[in-house]
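See structure below.
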Number of protein chains: 2
Amino acid sequence: MSTTTTDLSISALAELSGVTIDTLRYYERADLFVRPVRRDEAGRRRYGERDVIWVQFVTRLRATGMGITTIAEYTRLARLGEVTNPERLALLEEHREHVVEKLRETQASLDAISYKIAEYERKVADL
Amino acid sequence: MSTTTTDLSISALAELSGVTIDTLRYYERADLFVRPVRRDEAGRRRYGERDVIWVQFVTRLRATGMGITTIAEYTRLARLGEVTNPERLALLEEHREHVVEKLRETQASLDAISYKIAEYERKVADL
DNA sequence: GCTTGACCTGGAGTGCACTCCAGGGTCTAT
DNA sequence: ATAGACCCTGGAGTGCACTCCAGGTCAAGC
């Protein structure tokens, strides 16, 4: 048995996660990995299973609008270990509130747009 | 009775619509008004009721992620009159699809985050 | 042994939607 | 008639999240 279950190149992780190679490198520079990304003998990045899971979660955070610096802060806490669980919890809870609120607003705007669409449908049909 | 029901200064419209003065001027440059914004004798902008309604709708479109150029296209169609109703309808319907899809994705990501929050709650409680 | 392809680095460039600025005009109240 | 508030213009600057680039290394296949 090997110490790392998975062992992906950057292009493999890119394909798997839907994040581009450039963005993966950018995330690394922005300190969004909990621990330094492993390298092979030639200096190429090798990602393990935990990296895959991490990137997927980062993607969730991004998809809900969390900024890079906030994710970096979350990552920093994760690096410090279990003691920071309460802080990480608080951070995620606050983010969730933002997202829920944003969803509400988007839904409200969508309703207004749908109303407008209904108007157009009526007008177009009446021709 | 006057020909214009409302007659707002740019700061009044800004306050009313929640859009900054600079952004209102920016929207004007970007051609997001159906017809030229009226000016008083001194060259200052005067907004009527239709402008208010229009800006509010533009805000809905922005809030749901429609880009400035697409709104400009929608505006261009509006300028051409009722004949473009079918095109405007199509444009809004396509946008609605995008938004609905985006909402779905955001909700899915939010679910993943909520799951993570539940994990943290469990861990923090178990201490 | 040489090409091909994947990868590396630091740094520059991009697109978007604002947001700010300098320098100037005008209206109102004191 | 002077101060202060509000508005004007063209253009520059900002923040964010990528995205691209030049120039180079390295391993594998022909």
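This is a predicted model, so every value here is computed, not measured. In what follows, chains carry the letters A, B, and so on, assigned in the order in which the sequence lines appear, proteins first and then strands, with residues in each chain numbered from 1.
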_A:Tyr47 and A:Arg38: CA distance, side-chain angles, deciding distance, side chain to side chain donor-acceptor pair (under 3.5 Å) verdict_ = CA-CA 7 Å; A:Tyr47 299 95; A:Arg38 254 180 309 122; over 6 Å; no

*Can you pull the salt bridge (Lys or Arg N to Asp or Glu O under 4.0 Å) pairs that have at least one residue in residues 103-116 of chain A, sequence neighbours excluded?*
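Qualifying pairs: A:Glu101-A:Arg104.
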
_Given DNA chain D, 5'-ward residue of the pair A:Tyr26 and A:Glu41, judged by closest heavy atom_ = A:Tyr26

*Can B:Leu103 be reached from A:Ile117 by stepping across I, L, V, M, F, W or Y side chains whose heavy atoms are under 4.5 Å apart?*
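Per the 4.5 Å side-chain linkage, A:Ile117 and B:Leu103 are not co-clustered.
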
*Give a yes or no on whether B:Trp54 and B:Leu89 share a hydrophobic cluster (residues Ile, Leu, Val, Met, Phe, Trp, Tyr; joining criterion: side-chain heavy atoms under 4.5 Å apart).*
yes

*May I ask you to say what B:Arg46 touches in the nucleic acid, namely base, sugar-phosphate or nothing, with a heavy-atom cut-off under 4.0 Å?*
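Answer is nothing: B:Arg46 stays at 4.0 Å or more from every strand.
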
*Thinking salt bridges, do B:Asp7 and B:Arg46 make one under a 4.0 Å N-O criterion?*
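Salt bridge between B:Asp7 and B:Arg46, a charged N being under 4.0 Å from a carboxylate O: no.
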
_A:Glu28/A:Arg25 ion pair, N-O < 4.0 Å_ = no

*Which heavy atom of A:Leu24 sits nearest a heavy atom of A:Phe33, and at what distance?*
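Scanning both residues completely, I find the closest heavy atoms to be O-CE1, 4.0 Å.
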
_With heavy atoms of chain A within less than 4.0 Å as the criterion, where does contact along DNA chain C begin and end?_
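So the outermost contacting nucleotides come out as C:dC7 to C:dG11.
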
[N] [atom2] sits how many Å from [X] [atom1], rounded?
X       : N      : atom1 : atom2 : answer
B:Leu24 : D:dC7  : CG    : P     : 11 Å
B:Leu8  : D:dC7  : CG    : P     : 11 Å
A:Arg39 : D:dA27 : CZ    : P     : 15 Å
B:Glu28 : D:dC7  : CD    : P     : 14 Å

_Check: B:Thr70 side chain, B:Met66 main-chain N or O, donor-acceptor pair, under 3.5 Å_ =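 Not at all, since once roles are kept as given, no pair shorter than 3.5 Å links the two residues.
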
*Does B:Arg44 make a side-chain N or O approach to OP1 or OP2 of D:dC6 shorter than 4.0 Å?*
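So the side-chain polar atoms of B:Arg44 never come under 4.0 Å of the phosphate oxygens OP1 or OP2 of D:dC6.
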
*For A:Thr106 and A:Ser109, what are the C-alpha separation, side-chain angles and deciding distance, and is it a side chain to side chain donor-acceptor pair (under 3.5 Å)?*
CA-CA 5 Å; A:Thr106 303; A:Ser109 292; over 6 Å; no

*Between A:Arg25 and A:Asp22, which is nearer to the 5' end of DNA chain C once each is assigned its nearest nucleotide?*
A:Arg25

*asked:* Let's see if you get this right: which residues in residues 62-69 of chain A place a heavy atom under 4.0 Å from DNA chain D?
replied: A:Arg62, A:Gly67, A:Ile68

